[in-house]
Structure formats: C-alpha cells, structure tokens
Protein chains: 2
Amino acid sequence: MNLGLTPNAADRPPRRGRIRLKNETRIMLAAEDVFGRLGYHAATTALVAQRAGMPKANLHYYFKTKTDLYVKLLESIVTMWWQATESIRSDEEPAAALSRLVRAKIELSRQRPLASRIFAAEIVSGAPHLLPFLRGPLRAMVEEKSRVIERWIELGKMDRVDPKHLFFQLWALTQTYADFSDQIAAVLGKRRLTRQDYTPAADRVTRLELKGIGIGAGERATVARRSAEPPHPV
Amino acid sequence: MNLGLTPNAADRPPRRGRIRLKNETRIMLAAEDVFGRLGYHAATTALVAQRAGMPKANLHYYFKTKTDLYVKLLESIVTMWWQATESIRSDEEPAAALSRLVRAKIELSRQRPLASRIFAAEIVSGAPHLLPFLRGPLRAMVEEKSRVIERWIELGKMDRVDPKHLFFQLWALTQTYADFSDQIAAVLGKRRLTRQDYTPAADRVTRLELKGIGIGAGERATVARRSAEPPHPV
DNA sequence: GTCTATACTTGGATAGAC
DNA sequence: GTCTATCCAAGTATAGAC
C-alpha cells in the first residue's frame, strides 16, 4: 500500500543488508519514543541516537536528515492505524463491526500511545507532511467505508447519520485516550492510565456510539463478551 | 480565578501603563497566531515580534523569556475554556445544559481554533506546564460537575454513565473539530472548515451524546431551535 | 560501517545608545 | 520605552580517520 508519503519506492533500494536493517529498526524505535514525548522540534537527533545506543553520526548515516527519519516514522505509524478503520465490511452486522473498530483503535492507543501522539501532533500542527495522504488515500478509504455505512442505513440497521462524521467522532473518541491521557489521568487522580483503564474505556465509547446511532440490539452481548470487566455502569 | 499556573499574583505589579498594556496585547495576539500554527518549539520570538510589528528586543522587554510569554498565553486560553464546562448546573435539565455545553465548546473551536490547538499541543506533549492545573483546579471542577450529573442520574433523567468519562467524551468530540480540522476538511474534500460546517457539527455531536446517554425527550426541539440548519439527518 | 571532532546555522537573550 | 548590533547556546549535519 502506497500512502502517498514517499513519491516513489525507488528512493531506497529494495535489497538491504542485515546490519542496516537492524540499525534502522533500533533508530526508528528510539525515534518513536523521543518524537512521541517531545514532538518533532523539541526532539534532537543526538537524543534519538543516544536512545538507540549509537553516536549521532551513525544516525545520519542511515537517515540523511531529521525530517527524513520523521517522515519514515510517520509512514510506519499511518500504515498501522490504517488497518483499524479499514476493517469495516458490509457483510458484517454494524454492532459487531463498529465495536471491533473501537476496540482495535483503543487497543492501539494503549499499546502505542506515543505513535498516536506523533500522528496527533502532526495533524494539530497543520499536517505539513500528511496533507497529500489525507486528501488522497484516506479520503478515498473513508468514502468507500461510508458506502458500507449507507448500506446499513438503507437496511434500517441504524439511524440515518452522516457516515463521514461518524468516523470523525469515532476517531476523536478513541484517540483521546492516547493523545490526552495525561489530562484524563490527572482528572481521575492517577499518575497515568493503565491497562485496567482502557478496556472499560472502549466499552464506554462503544455503548455511547452504538446507542447514539440507534443500534439497540446485540451490542450488550458483544460488549460484555469482549470485555474483561464485569458488567457495570458505563 | 487562580488556575495554578502562576505561583503568586505578585509576579507582576497590578498597576501597569497604557503603552505596556497595548503592546502586551499586540504581542499576545501575535503569539496565539504563531504558537498556534507552528507549535511552541517551531515558533520563534523573532516571528512573533514581526507579526506584532516590533523588533525582537521589544518583545523581550515585555516578556522576559519565550516560555514566559507562552505560559501567559496558555493561562489566557485556559481561562476562556474553563467557562464552557463550568456552566453545568443542577437546576437545569440535562438536555438543555449538555447541548449548551457542546454548542459553547464548538463555538469556541470555530472562533479560536488556534487557541484550541495550543492547548491540545500542550496536553499531547505531556502537559509540562499544565499538570498542576489539571491535577488541581480542573480535577476539582470536574468532581463538582460530576455530582450534578450524578444527581440527574438519580432522578432518572439519563442513563447511569460515569460522569467523568462523559466529560472526556464531550471534550474529545468538540475539540476534534478545532484540533483536527485539517484532517476533517481533507477527508471532506474541502480546503478548510467554514462556519457552515460547525453548526451542524455541534448538532451531530449533541444528538449522538444525548441519545447515547438515554436522554430521549426534549433534545430535538432544543437542537432544532438553536441550529441555523433545517432539520436534516445527523 | 563506525566514530571523533568540527563546521555551520538558527534562535533566544542582552548590551547599550538613543 | 525603542532599537541596532551582538553574544552565546543548542542542534543539524559532515569531514575524514579508522
């Protein structure tokens, strides 16, 4: 899948050495940590290199510039996120499909909170590197998935809502638990959110959304089965 | 209201000259623009000064450091945001109170999108300057407003949901239209969101939320009355 | 492919005349 | 209170030996 971030695949030769692959992976992991915590401009290549356990010059040997590293990191993050929304299919029941989408996105928020923040920071700052992706592949994917939603509406399976805004709302509700987790934790009187906070969060979001768009039957069983939490107030 | 950002009010003498006030205002406005578009680290004091129409040295005459300017800006933004959530009162009907909250927050998102982004960027980057505020005044305010929600629940006016997470969800749903407006506009195939996008957005969020938490009666009339849009699908 | 030393640039902050 | 010139720290990127 080409996400429109790199103009062509010929930028990098397909055949790469083992050492290169290993070091690039180390650098990318360190970069996710540093960029995720500090943001693009506050992050320094020296710190990324230090976290990756190598001198700064080595980092620049593998990634020509700081921006180069950042864009490749964005690309890997977007690829990961892509799959969660993509999985909406017309041969499923909306309750099952949507609750799975919510669950997948919140699970990603839990496992890779820093990746989510890098994406969020990029969008908040005007999406300077992602606009082509947003206007191209993402828009096309949302258009396609919106037709699935429209079909469910025609079949009377849910309220007549605007499908695109349904996605905007789902993205907002799920990503807030990663991007704004410090605010949420602070208000809850915790130091940070733990695994035990995310599962009920996913259930809360699922129930709100399903009930809010008029999917009444089936979701309770679905939510209860998928959740590790005992049935309890939203 | 002391939001816990400045240790004590004696930092600055209460009595200030007219010239100082005028120039500080110009700088703050320029700073909201520059910090909002570029983020704290990418923003430069030279650019803020230029937008304010003065040499860099003057800016530093009024604000000792870049961080100083940024924190004062954050303070003014938080004060503005504060009032939208604060307005929840127990002597109101939940439908009216919550739809007013959504409307107020989305209206702020429309009028001051850059202010919203500055706040969002601060939280996404770990809230280094706002943690005391989040753990103190904000937490206390949410606790207090949660008791209002609890009361509504006891009275059977809405579903038994977790009041704090209700706020988290409302914040996420409303702020996404400011913080992620570039993504939303891109997916909608627009260059940017206009006034005509925000009013129906507020209605969509209100309907989802009210229906989602079991407030069935009354919201249709409320939403229709407050909206400039003709009744139409969510 | 690795590493030390360093060149070069940007940007925050101030000195000191007016 | 204003402004020019400047200092200095930080950070990206590279040269060149190994």
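A, B, ... follow the sequence lines: proteins, then strands. Residue 1 opens every chain. None of these values were measured; they are calculated from a predicted model.
One atom, CZ of B:Phe63, and another, P of C:dG12, lie 15 Å apart when rounded to the nearest Å. Distance A:Leu59 CG to C:dG1 P: 14 Å, rounded to the nearest Å. Atom NE2 of A:His60 is separated from atom P of C:dT6 by 19 Å (rounded to the nearest Å). One can place CD of B:Gln50 at 13 Å from P of C:dG12, the figure rounded to the nearest angstrom. The interatomic distance linking A:Leu38 (CG) with D:dA10 (P) rounds to 16 Å, in whole Å. A:Lys66 has its NZ atom 18 Å from the P atom of C:dT9, to the nearest Å. Atom NE2 of B:His41 and atom P of D:dA10 are 14 Å apart (whole Å). One atom, OH of A:Tyr40, and another, P of D:dT12, lie 8 Å apart when rounded to the nearest Å.
Taking 4.0 Å as the cut-off between side-chain N and carboxylate O, B:Arg192 and B:Asp182 do not count as a salt-bridged pair.
A side-chain contact (heavy atoms from CB on, under 4.5 Å) with B:Tyr62 holds for exactly one of B:Asp68, B:Leu69, B:Ile27; it is B:Ile27. Just one of B:Lys190, B:Arg110, B:Arg204 meets the salt bridge (charged side-chain N to carboxylate O under 4.0 Å, His left out) condition when paired with B:Asp197; it is B:Lys190.
Residue A:Thr45 places at least one side-chain N or O closer than 4.0 Å to OP1 or OP2 of D:dT12. In this structure, B:Asn23 reaches the D:dT2 phosphate: one of its side-chain N or O atoms is under 4.0 Å from OP1 or OP2.
Within 4.0 Å (heavy atoms only), B:Lys64 reaches sugar-phosphate atoms of the nucleic acid but no base atom. At the heavy-atom level, B:Ala43 lies under 4.0 Å from the strands shown only through sugar-phosphate atoms. At the heavy-atom level, B:Ala49 lies nowhere under 4.0 Å from the strands shown.
In this pair, A:Phe168 and A:His165 present their aromatic rings perpendicular. The plane angle is above 60°, beyond the 30 to 60° band.
The residue among A:Ile19 and B:Thr65 whose nearest nucleotide of DNA chain C lies closer to the 5′ end is A:Ile19.
No N or O donor and acceptor, one from the side chain of B:Lys56 and one from the base of C:dG11, sit under 3.5 Å apart.
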- Report the C-alpha distance between A:Leu59 and A:Val48 in whole Å, list the side-chain angles of each, state the deciding distance to 0.1 Å, and finish with yes or no for side-chain contact (heavy atoms from CB on, under 4.5 Å). CA-CA 8 Å; A:Leu59 184 151; A:Val48 174; 3.6 Å; yes

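Nearest to the side-chain atoms of B:Pro55 among the listed nucleotides C:dT14, D:dA15, D:dT4 stands D:dT4. When the nucleotides D:dT2, D:dT12, C:dG11 are ranked by their closest atom to the side chain of B:Tyr61, D:dT2 comes out on top. Here D:dT2 is the nucleotide among D:dA13, C:dG1, D:dT2 with the atom lying nearest to any side-chain atom of B:Asn58. Of the candidates D:dT12, C:dG12, C:dC3, C:dC3 carries the atom nearest the A:Ala57 side chain, counting heavy atoms from C-beta on.
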